[in-house]
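Report on the following structure.
The shown structure was predicted, so the numbers you read here are calculated from the model rather than taken from an experiment. In what follows, chains are A, B, ... by sequence order, proteins preceding strands, each numbered from 1.
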2 protein chains.
Amino acid sequence: MSNQELVVLGQGDAAACCPGLLTAPLDEGQATELAKVFKALGDPVRLRLLSMIASRAGGEVCVCDLTPAFDLSQPTISHHLKLLRQAGLIDCERRGTWVYYWLVPEMTDRLASVLSRPAGEPLPDRAATAGAAS
Amino acid sequence: MSNQELVVLGQGDAAACCPGLLTAPLDEGQATELAKVFKALGDPVRLRLLSMIASRAGGEVCVCDLTPAFDLSQPTISHHLKLLRQAGLIDCERRGTWVYYWLVPEMTDRLASVLSRPAGEPLPDRAATAGAAS
DNA sequence: GAAAGACATCGATGAACATCAATGCAAGCC
DNA sequence: GGCTTGCATTGATGTTCATCGATGTCTTTC
């Protein structure tokens with residue numbers, strides 16, 4: 001049930017392959033893989049689902065707790081959960097009657113690091129002019 | 001030319017409003033605003049554009065340097081740049097014949113922090129079972 | 001094993017999106 | 001003024017996506 005995720009995590013060389021969006025131009029392959037994950041985040045329903053799953057105390061959530069929180073049909077929620085899972089952002093397991101989802105923190109960690117810039121960036125003094133451009 | 005960006009940055013209370021995706025459930029409004037930015041990142045061409053702009057030494061790039069790097073028409077590149085700008089990820093200015101784009105680091109910083117979890121998270125010991133769920 | 005509940009998958013549909021050719025607009029040059 | 005170059009906008013088109021109802025699969029219970 002959990003074997004159709006993206007390989008973006010890279011299983012070992014994850015940190016080595018992509019030092020970040022902001023330091024060096026992405027090649028086409030990296031961009032394609034990353035875009036799939038960001039696209040999964042590019043929907044308000046999926047963002048809320050991910051947020052509900054990630055912030056859950058026990059670390060996992062039953063689908064039966066997620067579905068009623070939205071004004072959407074059960075198949076639609078199921079569809080969004082599938083996309084999040086295919087993006088490698090969450091994973092799930094069936095236990096008896098219910099299916100439980102949890103966050104894959106390695107993926108969100110990776111995204112966060114990809115969006116981070118190396119601490120003391122020069123930052124070409126744009127702050128003075130950016131806001132004032134009428 | 002730079003006054004149609006999203007208001008996600010919040011102009012002061014940015015850090016205060018959204019402690020992160022992963023700590024508390026997003027409300028609908030927050031999710032909608034955030035999703036717009038992530039959606040802008042959900043395309044390989046836009047990711048490469050952003051990466052090329054962000055990693056540029058001088059801090060800004062002429063459109064004339066971006067367009068030839070892709071196998072796409074000039075209007076298409078212009079369209080993608082517009083979406084990135086509307087998401088608040090980049091900004092631009094015309095100087096004479098050319099238009100220059102630069103990164104808005106506050107936005108990528110914000111995304112990175114939204115995806116980060118508070119250092120010492122419990123992390124319900126999933127590592128042992130996640131990979132083995134056939 | 002029949003019935004019921006929880007989720008996933010399928011097929012259809014309307015909306016959103018990526019792309020392009022054509023055109024518009026601004027700036028520099030003759 | 002007219003011409004050229006750099007970039008944005010417009011309108012059209014094929015594709016992808018979000019959503020739903022119907023249906024299938026798995027599990028528990030009787």
Rounded to the nearest Å, what distance is computed from the OH atom of residue A/Tyr101 to the P atom of nucleotide C/dC7? 9 Å
Looking at the side chain of A/His79, which of D/dT9, D/dA18, C/dC20 is the nearest nucleotide? D/dA18
If the cut-off is 4.0 Å, is B/Ser73 near the phosphate of C/dC20, judged by side-chain N/O to OP1 or OP2? yes
With a cut-off of less than 4.0 Å, is there a side-chain N or O of A/Lys39 near OP1 or OP2 of C/dC17? no
Atom CG of A/Asp43 to atom P of D/dT16: distance rounded to whole Å? 18 Å
Of the listed D/dC7, D/dT27, C/dA21, the closest approach to the A/Arg94 side chain comes from D/dT27
Could you tell me whether A/Thr97 contacts a base, only the sugar-phosphate backbone, or nothing, with contacts defined as non-hydrogen atoms closer than 4.0 Å? sugar-phosphate
Can you check the B/Glu93 CD to D/dC7 C1' distance for me, whole Å? 15 Å
Among side-chain atoms of B/Ser113 and B/Ser116, is any donor-acceptor pair under 3.5 angstrom? no
Can you measure A/Gln86 atom CD to C/dA8 atom P for me and round it to whole angstrom units? 12 Å
Should B/Val45 and B/Phe70 be marked as a side chain to side chain contact (heavy atoms under 4.5 Å, CB included) after you check the CA-CA gap, both sets of side-chain angles, and the distance that decides it? CA-CA 8 Å; B/Val45 174; B/Phe70 296 85; 3.9 Å; yes
Looking at A/Arg85 and A/Ile90, would you say the former's side chain and the latter's main chain have a donor-acceptor pair under 3.5 Å? no
Counting the atoms with a prime plus P, OP1 and OP2 as sugar-phosphate, which does A/Leu72 contact under 4.0 Å by heavy atoms, base, sugar-phosphate, or nothing? sugar-phosphate
Sugar-phosphate, base or nothing in reach of B/Leu66, heavy atoms under 4.0 Å: nothing
Among B/Leu115, B/Leu34, B/Val104, B/Val37, which residue satisfies the side-chain contact (heavy atoms from CB on, under 4.5 Å) criterion with B/Arg110? B/Leu34
note: B/Arg85, atom CZ; D/dA8, atom P; distance rounded to Å ~ 8 Å
I need the CG-P distance between A/Asp71 and D/dT19, as an integer number of Å. 11 Å
With a 4.0 Å cut-off, would you call A/Arg48 and B/Asp27 a salt bridge? no
Round to a whole Å and report the spacing from NZ of B/Lys82 to C1' of C/dT19. 15 Å
Starting at atom CH2 of A/Trp98, determine the distance to atom C1' of D/dT28, rounded to an integer number of angstrom. 9 Å
In terms of the nearest nucleotide of DNA chain C, which residue is placed more toward the 5' end: B/Gln74 or B/Leu83? B/Leu83
What contact category does A/His80 fall into here, base, sugar-phosphate, or nothing, at under 4.0 angstrom with non-hydrogen atoms? sugar-phosphate
Report which part of the nucleic acid B/Phe70 touches: base, sugar-phosphate, or nothing (heavy-atom distance under 4.0 Å, all strands). nothing
Can you check whether B/Arg46 has a side-chain N or O nearer than 4.0 Å to OP1 or OP2 of C/dA18? yes
